[in-house]
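What you are looking at is a predicted structure, and each value in this text was computed from that prediction instead of being measured. In what follows, chains carry the letters A, B, and so on, assigned in the order in which the sequence lines appear, proteins first and then strands, with residues in each chain numbered from 1.
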2 protein chains.
Amino acid sequence: MVQERINEFAKYIEKKGLKTTQQRNDIIRTFLKSGGHLSVDDLHQKVKKVNPRVGYATVYRTLKLLSESGVAVERHFDDGHTRYEHLEPEEHHDHLICIKCGDIIEFEDKNIESLQEKVAKKHGFRVVTHNLEMYGYCKKCNGNT
Amino acid sequence: MVQERINEFAKYIEKKGLKTTQQRNDIIRTFLKSGGHLSVDDLHQKVKKVNPRVGYATVYRTLKLLSESGVAVERHFDDGHTRYEHLEPEEHHDHLICIKCGDIIEFEDKNIESLQEKVAKKHGFRVVTHNLEMYGYCKKCNGNT
DNA sequence: GTCAGTGCAAACCTTTTGCACAGGT
DNA sequence: ACCTGTGCAAAAGGTTTGCACTGAC
């Protein structure tokens with residue numbers, strides 16, 4: 001499925017008249033191979049192990065392209081670092097974030113989603129994206145505050 | 001009710017051994033008199049009309065105190081500006097944010113809240129705060145994208 | 001050969017901080 | 001008097017951009 005995402009992105013790149021480059025490939029492969037919620041810095045560190053000549057700015061620029069193409073999603077949690085994660089198409093989830101250990105748990109709840117749509121409709125609002133984050137203590141950290 | 005918030009904050013200040021100053025008063029009164037979701041810059045502009053000698057840093061420092069005391073709540077929407085709003089105690093709401101005109105609609109939905117708690121419990125998670133934002137087109141902007 | 005991509009460093013923007021002075025208690 | 005608060009300007013931290021060079025097509 002990594003290959004599918006790569007193809008999807010290649011198609012997007014081509015449609016926009018952009019070019020396939022070694023750096024972009026390295027960045028994308030590294031990104032797709034990594035799980036979780038990566039900051040730009042995290043990803044830059046990892047990419048540098050594969051190709052030490054890749055600069056910070058290129059990672060930013062490529063992540064922006066990945067977001068536009070729909071392969072990556074930008075997350076703005078409260079810690080001041082933009083993080084990126086990759087999703088399968090149609091996939092969607094929200095987050096539980098531990099304010100002690102920083103662990104991030106993903107969840108999906110169709111009931112919440114449909115109530116959200118209901119609220120939006122009531123206000124004549126057409127939702128494009130949403131995000132729901134809950135901050136608190138995870139199972140491990142709970143109790144030993 | 002503005003006065004109640006001011007008293008509440010005064011109590012917090014005193015408990016921490018801090019001081020009541022003219023600047024803090026000006027900032028707090030201006031903040032409480034304003035509705036909506038203010039950026040630091042918005043508030044600084046407004047306060048300067050009352051007291052032109054108030055500096056940017058003091059607004060930041062005071063807003064941080066207001067957040068700690070519970071009088072203000074920090075919001076991190078996707079536009080990269082931290083915004084603050086004031087809430088009555090026990091009040092809580094979430095946001096619908098128009099990505100065209102920037103309008104912010106507040107809503108509250110107890111059903112969503114309780115489903116959130118249920119999800120958290122399922123993961124052994126103790127929630128301290130959460131935020132739910134939906135981005136899209138408001139009634140006015142919908143259609144004329 | 002052309003035009004987009006890259007690396008680097010500088011610029012940017014929001015937020016924080018150090019410092020000397022002002023002011024509340 | 002003491003010690004916190006303030007304004008200013010500088011620093012910090014994350015992100016973006018200008019530029020000259022590289023490399024894909």
Side-chain angles (χ1 to χ4, degrees), chain A residues 6 9-31 37-45 47-69 72-84 102, chain B residues 6 9-31 37-45 47-69 72-84 102:
Chain A
I6 291 175
F9 184 65
K11 207 179 292 176
Y12 176 80
I13 285 291
E14 198 195 329
K15 200 173 59 193
K16 299 259 290 184
L18 305 176
K19 292 170 185 170
T20 302
T21 67
Q22 191 54 51
Q23 285 91 328
R24 283 183 181 158
N25 280 333
D26 291 339
I27 293 169
I28 298 159
R29 298 199 110 84
T30 305
F31 177 64
H37 305 75
L38 293 175
S39 67
V40 176
D41 198 65
D42 293 339
L43 184 54
H44 183 226
Q45 297 301 332
V47 173
K48 272 202 301 194
K49 285 181 195 154
V50 176
N51 179 347
R53 302 204 63 267
V54 172
Y56 221 92
T58 303
V59 178
Y60 268 102
R61 291 188 270 230
T62 305
L63 280 170
K64 187 153 286 181
L65 283 175
L66 283 165
S67 299
E68 287 168 24
S69 76
V73 182
E74 248 185 75
R75 303 286 186 190
H76 301 269
F77 300 142
D78 283 0
D79 70 349
H81 289 250
T82 302
R83 290 167 186 286
Y84 292 83
Chain B
I6 291 175
F9 184 65
K11 207 179 291 175
Y12 177 80
I13 286 292
E14 198 195 329
K15 200 173 59 192
K16 298 259 292 187
L18 306 177
K19 292 169 185 172
T20 302
T21 67
Q22 191 55 50
Q23 286 90 327
R24 282 183 181 158
N25 279 332
D26 292 339
I27 293 169
I28 298 159
R29 298 198 109 83
T30 306
F31 176 64
H37 306 75
L38 294 174
S39 68
V40 176
D41 198 64
D42 293 339
L43 184 55
H44 184 226
Q45 298 300 333
V47 173
K48 271 201 300 193
K49 285 181 195 154
V50 176
N51 180 347
R53 303 205 63 266
V54 172
Y56 220 92
T58 303
V59 178
Y60 268 102
R61 291 187 269 230
T62 305
L63 280 170
K64 187 152 285 178
L65 283 175
L66 283 164
S67 299
E68 285 168 26
S69 77
V73 181
E74 250 184 74
R75 303 286 186 191
H76 301 270
F77 299 143
D78 282 0
D79 70 349
H81 289 251
T82 302
R83 290 166 187 286
Y84 292 84

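Rounded to whole Å, atom P of C:dC13 lies 17 Å from atom CG of B:Asp42. Per the geometry, CZ belonging to A:Arg24 stands 9 Å off C1' belonging to C:dT6, to the nearest Å. When rounded to the nearest whole Å, the span between CG of A:Leu65 and C1' of C:dG5 equals 10 Å. Atom P of nucleotide C:dG5 and atom CG of A:Asp26 are separated by 16 Å, given to the nearest angstrom. Rounded to an integer number of Å, the gap from NE2 of A:His81 to P of C:dT14 is 18 Å. Whole-Å rounding puts the B:His44 NE2 to C:dC13 C1' distance at 16 Å. A:Asp78 has its CG atom 18 Å from the P atom of C:dT14, to the nearest Å. Between A:Ile28 atom CD1 and C:dG5 atom P the separation is 12 Å, expressed in whole Å.
Taking the six-membered ring for Trp and thresholds of 30 and 60 degrees, A:Phe77 and A:His37 have ring planes inclined between 30 and 60 degrees apart.
Of the candidates C:dT17, C:dT25, C:dT15, C:dT17 carries the atom nearest the B:Ala57 side chain, counting heavy atoms from C-beta on. Nearest nucleotide to the side chain of A:Leu18, out of C:dT25, C:dG5, C:dA9: C:dG5. In the set C:dT6, C:dT17, D:dT16, C:dT6 carries the atom at the smallest distance from any side-chain atom of A:Thr21.
For A:Gln23, no side-chain nitrogen or oxygen approaches OP1 or OP2 of D:dT22 to under 4.0 Å. The phosphate of C:dT16 (OP1 or OP2) has a side-chain N or O of B:Lys64 nearer than 4.0 angstrom. Distances shorter than 4.0 Å separate some side-chain N or O of B:Thr58 from OP1 or OP2 on D:dG7. Contact annotation: B:Thr82 side-chain N/O to C:dT14 OP1/OP2 distance is not under 4.0 Å. The phosphate of D:dT15 (OP1 or OP2) has a side-chain N or O of A:Tyr60 nearer than 4.0 angstrom.
For B:Gln22 and B:Arg61, each mapped to the nucleotide of DNA chain C holding its nearest heavy atom, the one lying further toward the 5' end belongs to B:Arg61. Comparing B:Gly80 and A:Val54 along DNA chain C, the residue whose closest nucleotide (by nearest heavy atom) sits nearer the 5' end is A:Val54.
Residue contacts for B:Lys16: at a heavy-atom cut-off of 4.0 Å it reaches no nucleic acid atom on any strand shown. If you check every strand for non-hydrogen atoms under 4.0 Å, A:Arg53 touches sugar and phosphate atoms only.
B:Asn25 places no side-chain N or O within 3.5 Å of a backbone atom of B:Gln22 that could act as its donor or acceptor partner.
Within a 6.0 Å radius of CD in A:Glu14, other residues, nucleotides and ligands contribute 12 heavy atoms or fewer.
Counting heavy atoms from C-beta on, the side chains of A:Phe9 and A:Ile28 come closer than 4.5 Å. Between A:Gln23 and A:Val47, the closest side-chain pair of non-hydrogen atoms is not below 4.5 Å.
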